[in-house]
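Please read the structure below before turning to the comments.
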Amino acid sequence: MMDPVPVSRRGALVLGGALAAPFGREAMAQGGPRLVMPVPPPCAARPGDIVGLTIEGPSDAAVLVFGQAFRAGDLPRGALLGCRRTDGRSLPTQFDLKIRHPDGSARHGIVSITVPALRAGERIGLVLTRGGAAEGGRLDVAAMLAGRAAVLDITPLRAGAPWRVDLLAAWMARREATPWQSGPLAVQERLSLPVPPSAIGGAECMRLLADLALRADGSLWVDLWLRNDIAMRPGGGEAAYRVALSLDGREALLAELPRHFQYQGFGRMRGAARGGGAPPRAPFLRHDVGYLAETAAIARYDQSTGVELARLEDLARARSAPAWDAPLAPRNITTAMGTGGGRPDIGPVTGYQAFWLCGADRRAAEFSLDQAEAAGAIPWHHWDSGDTRRQATWLNTRDWPGLWSDGRGGRPPRGLAQQIPDGTGWGMTKSHQPDLSYVPYLLTGRRAFLDGLLAQGCWNIVFHWRDQRRGAPVGAPLDDVIMLNGAQNRTHAWSMRQLDNAAWIAPEGDPAGEYLRAATATNWLWMRSRLADWTARQGEAHGWVPGAYGTPGALPPWQQDYLASTVALAARRGSDDARVCLAWMTNFLVGRFFAGASGFPREDGVAYLIAITRPDGPNDQILRTWSAIAAATRQRDWHNGDTWRTSRGDYSRWALQSLAQITETLNHARAREAYLWLLGAGAPFTGPEHYAASAQLNIVPRDMPRVPARALRCAA
């Protein structure tokens, strides 16, 4: 837990209360909620230092394993990664690289560190360094498995025959050619086996995946997944079974799944010390969120606001509910994804992940990781088991041209062999989909979360109407993958968020990752190829991306802001095409706040709708000037005036994040001016206290925290 800070309603720090742990009357007397503030990371101040981290107990002496992104150039090709405590002592470190930047330096990988035991609340600072000392060779897996056992039993709930798997024997018989981890502190490999239909009630498309790991602290880990997700072959069906996992003779997992539908996965991670006891407790790790923003892994989340303690307590209560750990339970994920409103799961990251980033709190981290695990149950997981012509990977249009996984797609090869079943409880839409897997994978390196990220990315393409996917420009890496054409801009935004996140972080050589990298590049190139035509049609007010919307002649500015959040991050990640597109979008995104001389008030820049055609004119005659847009918006009574009457949602916050990202990404002076105006204009829900209660849009430009007095700086 971090330090609760009492604040007033305007977010001012209560003098003397910065480290007050109990919920006291003084905090209540100030009239504001109590905040949990992040802990400053250690400074990376010495030559060769890269980034500081903080670990917190209670924990045992253990091997800590996590994911880490790196800024281009910080860990060059061939350089070793080391770790030291802030007192100067070195800690044994292992780094398993997953993907490089174009210059050959590390972009993301899995870090393992031997850390000491810590008391409850005790913290120590760590610094990752370039040029660590080379450690010993790879762990001796056979020797470490001697005398140990990991046994899986699957029993059908209907007629059939039980199935028992000696996981460790199967591992030794099927060693992975390229281990996920391989070094002196940790070894991890994946075991994949088909599940006999007789063990699960006749379902014919179930895979067993077990990510098996050994660590130098003596712990054995099994990340066990049963994925009923094989597509494009005869069979399939619903499974019904009981699963039991024992580690060193002790029960580690027991679950019953009476209805495991096709395209759903169920998984849990379990570990054991030798003898079957609990594994060593690892400390809670706090990443340097500012450094992660510098890597372009995430937008720049503002930690100066803190997070409301009550919100974090709500997350802890939700996790303590008896149904939370039930197999295939949604764990507070919105199952009817078409549900509108300012949902906490729709944005660049989910609101819960944003609490994790802004407050670096254990409760938000655990909640987000549980949701990433629960996301395995969403039936957008379509696995192609491959053949002599195709690699086994997530279903895609490179291997299945013209495939449409919607129920109207037809029969294979144009549609699925088995349709997404009714009764799963999930209603999936691209326009309102959350990203539940990217941040958890980024920060933990857990391979199952990468599976979720890649599956969702590929689903976005194959689930998109095939007639809208075609038309890639000459020179594009792929055709049949266009996601930016013809749908609502929220669909464009969140589909491209999924593709770009997966493309940026997927390990080199992963077939789904390489496909999504090509698809992402194709989409940004396609968008760039359309700019001249869009400019000609839109005239003076150009810069908005066409998209379907339910009200004829209406443009929702907030959907442009949705898309801007994705385009800006892609630009920061190095896409020249995305950067050109973002620069083009600024004419509208920034210009809407500087058209007052044409009669378009600044407040209308965050109106729920603005008019782009005349009320009495045809819908294909786009208004080309700000004065015409202003007049038509007033005529249709969509204007805000000076009362923010149509902006009672989060529309101003969406505009602020666009302006923040344009300010930083393009070093855009007018975007900064507009950002500062809107931040101080009294627009609804834009005070620091509102971001402390709802953090998913808590994005600021570099060096512009909302509460300067609480700006998080590294600790020497």
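Residue numbers run from 1 in the order of the sequence given.
The number of heavy-atom neighbours closer than 6.0 Å to CZ of R175, taken from other residues, nucleotides and ligands shown, is above 12. R164 CZ: 12 or fewer foreign heavy atoms inside a 6.0 Å radius.
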message: Please determine whether side-chain contact (heavy atoms from CB on, under 4.5 Å) holds for the pair R363 and E313, giving the CA-CA distance in whole Å, both sets of side-chain angles, and the decisive distance to 0.1 Å.
response: CA-CA 8 Å; R363 289 159 292 194; E313 291 173 337; 4.2 Å; yes
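Cation-pi check for R207 over W383 is met; the charged atom lies under 6.0 angstrom from the ring centroid and within 45 degrees of its normal.
Annotation: side chain of V195 is in contact with side chain of W163 (closest heavy-atom distance under 4.5 Å). Taking the side chain as every heavy atom from C-beta outward, T520 and W504 never approach each other to under 4.5 Å.
For the residue pair R286 and V39, the shortest heavy atom distance occurs at NH1-CG2, 4.0 Å.
In this structure, D325 pairs ionically with R331, as a charged nitrogen and a carboxylate oxygen lie closer than 4.0 Å. Taking 4.0 Å as the cut-off between side-chain N and carboxylate O, R84 and D49 count as a salt-bridged pair. Here R89 pairs with D87 in a salt bridge; the nearest charged N to carboxylate O distance falls below 4.0 Å.
Under the ring-ring contact (aromatic ring centres under 6.0 Å, His included) rule, F367 has a single partner from W356, F355, W324, which is W324.
Residues satisfying the ring-ring contact (aromatic ring centres under 6.0 Å, His included) criterion with W180, sequence neighbours excluded, are absent altogether.
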